[in-house]
Amino acid sequence: MSDFATDKDMLIQELLQERDELFQELSRLRKVDNGALDTLEAKNQELTSVVAEKDQQIHKLTDQLAWFRHKFFGSSSEKHIAADPNQRKIDWEGLEVLPEEKEAIEDAEKELIEYERRKPNKEKKKPVRQPLPDHLRRVVEVIEPEGKQDNWVRIGEEVTEILEHKPGETYVRRIERPKYAIKPIVAEENAENEQNKEEAPAIRIAPMPLLPLPRSNAGPSMLAELMMNKYFYHLPFHRQISMFKMIGVRLPASTVNGWFQGSSDLLRALYNRLKEKVLETDYIQVDESTIPVINNQKHKTTKAYLWMVRSVMDNLVLFHYDKGSRAQRVVVDLLKDYQGAVQTDGYEAYSIYEQKKGVLLLGCWAHARRKFSESLAEDKRGAEYALAQIAKFYQVEKMADEQELDHEQRAELRKRLAYPIMRAFEKWIEEYYPKALPGGRMSRALAYTYNLFMRLSRYHLDGRYLPDNNLAENAIRPLAIGRKGYLFCGNHEAAENAAIMYSLLGCCKASDVNPREWLTDVFAKLPQYNRNYDLDLADLLPHNWKKSNDCQNFPESSN
């Protein structure tokens with residue numbers, strides 16, 4: 001142990017001696033170089049300050065380069081839209097919030113907070129039992145008290161109405177057409193009358209009324225019930241066949257499938273007219289969803305896709321099927337002549353419309369919000385901040401709804417409140433991205449939102465545009481429910497027929513039209529329209545049919 005201490009002391013002495021020798025050598029050099037070393041140290045400090053200044057300048061230039069890349073190399077469809085002095089875009093000078101921007105952001109947030117404070121608290125309405133509809137048939141049941149005497153005088157009554165139900169009635173429509181024989185007129189005996197007597201008497205009978213399906217015994221209401229139950233209430237045909245069997249009506253599956261094919265063919269022209277009307281509008285939402293289809297060659301189901309196009313302002317829904325493909329060529333062919341705003345999710349197939357003249361591509365904040373919600377477990381602080389900023393955009397929409405603003409007033413409110421917050425949110429995304437875990441959920445959410453930010457921000461340009469395409473997803477929801485019921489389509493033709501039914505019944509739901517009444521009336525009228533081309537099939541579309549018919553609205557289904 002003592003040897004180790006001795007060696008340690010000797011090593012320290014040697015190091016101190018070397019240090020002294022270095023100091024002596026440094027002093028000698030200072031005398032020899034006549035102050036050159038001091039000059040170099042001063043020069044070094046000067047260069048260090050220059051480097052720091054250059055680093056700051058490089059940082060600023062890097063921010064400007066990011067802006068130029070975002071502006072010129074990023075996708076932008078504003079250049080294809082007619083010039084608008086009120087049109088705004090998301091851009092910035094660097095990542096830091098400018099003083100004038102900070103003031104606008106603080107004013108917007110303050111106004112939102114003040115609005116919530118001033119808004120009166122609405123009292124919660126207590127549930128009230130609604131009276132039963134007057135048009136329902138009443139079955140009166142009189143219950144007399146026990147021991148009734150003759151000297152009792154009736155002074156009133158207590159009435160309680162109970163809602164009862166029995167299965168719907170299936171009946172036979174019996175069409176009787178009397179036949180009449182026209183006897184020849186008896187007159188004076190001459191050659192002409194003799195000839196008439198020899199001829200067989202003429203037969204007269206009323207013409208058969210036009211039926212939806214020739215050589216079929218299915219009436220309009222029967223076809224309407226089958227189609228509505230399957231594509232509105234998601235009951236497969238085999239279940240409906242079992243239900244009819246319980247009331248003594250036996251329908252072979254082949255017969256029902258034949259009725260379905262005939263009904264689809266009958267409605268196809270109306271579906272094509274719907275497609276024309278949807279693509280004539282200037283604001284649509286597009287989405288796609290899967291539908292299982294049997295592949296006869298592989299003898300198994302394959303994942304096919306239905307494309308959904310919704311006309312937001314007209315409440316029209318169109319489902320499009322193209323051999324089940326989800327390729328970009330499908331939407332390109334579908335929207336080849338379309339001009340206007342197209343709102344979609346982040347699927348890459350829609351990116352081509354950033355470069356199409358006359359098309360403005362909009363994004364969906366609901367999808368961005370969903371990705372930040374999925375990031376809460378990984379980065380709670382960052383995800384909560386992002387969700388809070390997106391919530392402010394929807395708070396502006398709620399404010400506009402409560403004040404019942406028109407489209408121009410809504411756009412102005414978005415410009416004043418949502419737009420400044422949007423600018424700051426994009427800068428925050430750019431600044432926060434390097435801090436996120438590479439490849440993590442938060443990183444993917446930031447990248448998704450940043451890459452689509454131009455699309456996401458454009459909704460504030462027009463008060464008609466919505467911040468998300470939830471309406472499109474709501475229109476697709478019945479398709480997802482139906483998949484669980486009937487599992488698959490037998491072939492591509494069956495999937496095309498399903499697209500027809502989902503489109504027309506989706507329009508019924510969007511326009512609050514009773515699908516049973518609409519289908520029954522349309523099945524009865526379509527044969528007339530098919531014979532008279534002067535009639536416009538668009539008159540039969542649910543939103544137009546509702547205007548010309550006193551139809552009974554139906555309650556919202558659980559779809």
Side-chain angles (χ1 to χ4, degrees), residues 208-216 218-228 230-232 258-284 286 306-322 333-340 475 478 493-554:
M208 185 68 180
L210 293 176
L211 297 176
L213 304 180
R215 297 179 298 277
S216 170
S221 61
M222 184 64 181
L223 296 175
E225 192 71 17
L226 288 169
M227 302 308 127
M228 181 194 68
K230 179 169 183 178
Y231 292 101
F232 196 84
W259 290 351
F260 168 58
Q261 181 62 51
S263 300
S264 302
D265 293 338
L266 187 64
L267 294 170
R268 198 175 304 276
L270 182 60
Y271 167 81
N272 292 332
R273 189 70 179 101
L274 170 65
K275 182 178 179 180
E276 294 174 357
K277 299 298 290 184
V278 168
L279 298 181
E280 285 175 1
T281 61
D282 64 347
Y283 175 30
I284 59 175
V286 185
L306 274 175
W307 296 75
M308 195 285 307
V309 182
R310 183 181 184 112
S311 173
V312 179
M313 306 310 296
D314 295 330
N315 275 337
L316 298 178
V317 178
L318 174 75
F319 284 88
H320 176 73
Y321 185 82
D322 186 353
D333 181 65
L334 178 62
L335 305 182
K336 59 184 177 182
D337 298 323
Y338 180 77
Q339 298 285 292
E493 185 179 10
E496 291 177 359
N497 294 337
I500 294 174
M501 295 299 176
Y502 277 125
S503 299
L504 296 173
L505 292 178
C507 290
C508 285
K509 182 179 179 181
S511 297
D512 196 22
V513 170
N514 188 315
R516 178 183 286 107
E517 293 182 5
W518 180 81
L519 274 174
T520 302
D521 191 50
V522 167
F523 277 135
K525 291 179 178 177
L526 272 177
Q528 302 174 12
Y529 278 75
N530 291 338
R531 290 192 175 191
N532 185 356
Y533 293 107
D534 293 333
L535 300 175
D536 187 0
L537 284 169
D539 296 337
L540 297 181
L541 293 176
H543 68 299
N544 290 328
W545 182 88
K546 182 178 181 179
K547 298 176 183 177
S548 58
N549 291 269
D550 296 327
C551 60
Q552 179 184 350
N553 294 342
F554 68 96

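The shown structure was predicted, so the numbers you read here are calculated from the model rather than taken from an experiment.
The side-chain contact (heavy atoms from CB on, under 4.5 Å) check on D282 picks up R464, with sequence neighbours excluded. Legend: residues meeting side-chain contact (heavy atoms from CB on, under 4.5 Å) with A524, ordered by chain and number and at least two apart, are P220. Considering only residues two or more places apart in sequence or on other chains, E493 meets the salt bridge (charged side-chain N to carboxylate O under 4.0 Å, His left out) condition with none of them.
Nearest heavy atoms, V317 versus A510: CG2-CB, 4.5 Å. Taking all atoms of both residues into account, the shortest heavy-atom contact from L306 to Y321 is CD2-CB, 3.5 Å. The two atoms that bring P515 and C508 nearest to each other are CA-SG, 4.2 Å, heavy atoms only. Here the shortest heavy-atom pairing between A499 and S503 reads O-OG, 2.6 Å.
In this structure, the side chain of K277 does not engage the main chain of A538 through any donor-acceptor pair within 3.5 Å. A side-chain donor-acceptor contact under 3.5 Å links S548 to the backbone of W545. Panel note: side chain T520, backbone E517; no donor-acceptor pair is recorded below 3.5 Å.
Put simply, the side chain of L279 does not reach to within 4.5 Å of the side chain of D337, judged on heavy atoms. A heavy-atom distance below 4.5 Å is not found between the side chains of R310 and V278. Inter-residue side-chain proximity for F260 and L226 is flagged as unmet; no heavy-atom pair is nearer than 4.5 Å. For the pair N272 and R268, the minimum side-chain heavy-atom distance is below 4.5 Å.
Taking the six-membered ring where the residue is Trp, Y502 and Y231 present perpendicular rings, their angle passing 60° and hence far from 30°.
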* To do: Begin with the C-alpha distance, continue with both residues' side-chain angles, and end with the deciding distance and a verdict on side-chain contact (heavy atoms from CB on, under 4.5 Å) for L210 and R531.
  => CA-CA 11 Å; L210 293 176; R531 290 192 175 191; 3.5 Å; yes
* Before giving the answer on side-chain contact (heavy atoms from CB on, under 4.5 Å), spell out for K275 and V309 the whole-Å C-alpha distance, their side-chain angles and the decisive distance to 0.1 Å. => CA-CA 9 Å; K275 182 178 179 180; V309 182; over 6 Å; no
* Before giving the answer on side-chain contact (heavy atoms from CB on, under 4.5 Å), spell out for H543 and N315 the whole-Å C-alpha distance, their side-chain angles and the decisive distance to 0.1 Å. => CA-CA 8 Å; H543 68 299; N315 275 337; 6.0 Å; no
* **Verdict with reasoning, L519 to E225, per side-chain contact (heavy atoms from CB on, under 4.5 Å)** => CA-CA 8 Å; L519 274 174; E225 192 71 17; over 6 Å; no
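Between atom CD of residue E496 and atom NE2 of residue H320 there is a gap of 9.0 Å, rounded to the nearest 0.5 Å. Here L266 contributes atom CG and I500 contributes atom CD1; the two are 10.0 Å apart, rounded to the nearest 0.5 Å. The OG atom of S264 sits 3.5 Å away from atom CE of M501, with the distance rounded to the nearest 0.5 Å. Here CG of L540 is found 11.5 Å from CZ of F523. Values are rounded to the nearest 0.5 Å. L318 CG to Y271 OH: the interatomic distance, rounded to the nearest 0.5 Å, is 4.5 Å. Between atom CG of residue L505 and atom CE of residue M228 there is a gap of 9.0 Å, rounded to the nearest 0.5 Å.
When each of L541, L270, L537 is paired with V522, the side chain to side chain contact (heavy atoms under 4.5 Å, CB included) condition holds for L270 and for no other.
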